[in-house]
Amino acid sequence: MRAVVQNDKNRAVLAVAALSAVAVVSGCAGPGSEAEVRPAAGQQAHRGAAPDSPAALAAAARRWGLDAVPLRPPAPPKYKPRITARDGFEVDGQVEDDLPPVFTTIPTRKKVVFLTIDDGAEKDPDFLRMMSELRIPYSAFLSNYLVKDDYGYFRRMQAEGHTLNNHTLTHPYLPGLTYDEQKREICGMQEIMKKQFGKAPTVFRPPYGNYNGDTLRAAKACGIKYAPIWDEEVFVDHWEYREWDRGLHPGDIVLTHFRGRNDWDGTMVDDMRRFLNKVTRDGYAVARLEDYL
């Protein structure tokens, strides 16, 4: 039916009604649907992003089976915190040679945690859809031998506002390699990421969280500035903790992996449901790691 618009006031009313209709329709897309994936949250504007309204987020939380709506993170800090190596995680020459710091937590009093996902083995479209609808930011650390069969999956992730970082070419135990071998692993992945994703990252995670002085010197030579590892790790059926109190803390970096039913008794959606339910229950929001670096 064609409406007859007689003045600016009527036009505004109709525009609001049209937007409301779109929101209702988009809220009907469930897991596994073929609806277009909407951009996920980061701390930046995304072209075509759906309204970040409480109603839309509540509908998404119900759709993905969450206990509650995830909390929204605060604005990124105006002044970035000073990142240093965690005590006991330094190497010889850490300060003198200005080596990338290895750390597990970002210095902040805000109740935020940072979600990081390693390697790239599982490429679950429902995971992309879930995180997009819930507008949850995350950082991916990629190993080429696992992502090279589908760079497009990760380009889609990047287009939604998430950051792609370096996790080496082949995911080796780096301290067992020579300096030159480590440099090939790190710099080689830098070259691939620049070619496939448009830029070489400045953030690198050593596989298994294992490194030595050569690792950090090689990383620096390849353009790396930061080497975050993690304070907690979440699996589809449990959490693991680095600290004695077995709890979350402001600024903690949380690790999980791109895994599915071939490796876990569940999917990445199940894994994210466990992660989000806990951090929300404990009063934390998920912020974007790179906004604090």
Side-chain angles (χ1 to χ4, degrees), residues 9-78 106 108-117 124-139 156-163 234 248-254 256 267-292:
K9 182 177 179 180
N10 286 343
R11 290 191 183 93
V13 169
L14 288 175
V16 170
L19 287 173
S20 300
V22 170
V24 170
V25 172
S26 64
C28 296
S33 76
E34 294 302 317
E36 180 182 357
V37 175
R38 292 189 292 276
Q43 301 301 325
Q44 60 191 72
H46 303 297
R47 184 173 59 186
D52 195 7
S53 68
L57 294 174
R62 290 192 299 272
R63 193 156 51 246
W64 294 101
L66 300 186
D67 294 340
V69 178
L71 301 174
R72 310 315 301 155
K78 182 177 180 180
I106 295 289
T108 180
R109 295 181 180 179
K110 303 289 187 181
K111 288 197 74 172
V112 295
V113 296
F114 304 95
L115 176 61
T116 63
I117 311 177
D124 183 353
D126 281 347
F127 163 77
L128 291 183
R129 187 174 295 111
M130 177 187 193
M131 303 302 270
S132 178
E133 292 183 0
L134 292 168
R135 303 178 71 75
I136 302 297
Y138 56 92
S139 303
R156 189 178 183 189
M157 186 180 295
Q158 182 185 41
E160 293 174 356
H162 306 292
T163 306
V234 61
L248 296 173
H249 317 91
D252 276 358
I253 298 169
V254 180
T256 193
T267 66
M268 289 192 71
V269 169
D270 298 325
D271 184 45
M272 289 298 96
R273 187 179 298 114
R274 174 174 288 275
F275 166 75
L276 290 169
N277 280 341
K278 177 174 176 56
V279 300
T280 305
R281 182 172 63 247
D282 289 357
Y284 285 85
V286 183
R288 198 169 74 104
L289 176 64
E290 291 76 16
D291 287 335
Y292 287 71

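What you see below is based on every heavy atom in this structure, not just the backbone, and it leaves out hydrogens, waters and symmetry mates. When a residue number appears, it is its place in the shown sequence, counting from 1.
Using a 4.5 Å cut-off on side-chain heavy atoms (C-beta onward), L134 and L276 make contact. Using a 4.5 Å cut-off on side-chain heavy atoms (C-beta onward), V254 and V286 make no contact. F275 is not listed as a side-chain neighbour of Y138, based on a closest heavy-atom distance of 4.5 Å or more. A 4.5 Å side-chain heavy-atom check between M272 and D126 finds every atom pair outside the cut-off. Side-chain contact between D252 and Y284: absent, with no pair of heavy atoms (C-beta onward) separated by less than 4.5 Å.
Interatomic distance, CZ of R129 versus CZ of R63, reported as 10.5 Å (0.5 Å rounding). From S139, atom OG reaches atom CG of L115 across 8.0 Å, with rounding to the nearest 0.5 Å.
Across all their heavy atoms, R135 and R72 have their closest contact at O-NH2, 2.8 Å. Minimum interatomic distance between T108 and P250 (heavy atoms only, all atoms of both residues): O-CB, 3.5 Å.
Judged as a side chain to side chain donor-acceptor pair (under 3.5 Å), and not counting sequence neighbours, D124 has no contacts. Residues satisfying the side chain to side chain contact (heavy atoms under 4.5 Å, CB included) test with A58, not counting sequence neighbours, are R62, V69. Contacts of K278 classified as side chain to side chain contact (heavy atoms under 4.5 Å, CB included), with partners at least two apart in sequence or in another chain: W239, Y241, L248, R281, D282. In this structure F114 satisfies the ring pair (Phe, Tyr, Trp, His ring centres under 6.0 Å) test together with Y292, sequence neighbours excluded. The salt bridge (charged side-chain N to carboxylate O under 4.0 Å, His left out) check on R273 picks up D270, with sequence neighbours excluded. Listed by chain and residue number, R288, E290 satisfy the side chain to side chain donor-acceptor pair (under 3.5 Å) test with T163 (two or more places apart in sequence, or in another chain). Residues passing the side chain to side chain donor-acceptor pair (under 3.5 Å) test with T256 are D271, sequence neighbours excluded.
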### Stepwise side-chain contact (heavy atoms from CB on, under 4.5 Å) check, H162 with L128
CA-CA 11 Å; H162 306 292; L128 291 183; 6.0 Å; no

### Working for side-chain contact (heavy atoms from CB on, under 4.5 Å), residues K111 and L71
CA-CA 10 Å; K111 288 197 74 172; L71 301 174; over 6 Å; no

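The closest donor-acceptor contact from the side chain of D67 to the backbone of N277 lies at 3.5 Å or more, if one exists at all.
Summarising the local packing, NZ of K110 is surrounded by 12 or fewer heavy atoms from other residues, nucleotides or ligands at distances under 6.0 Å.
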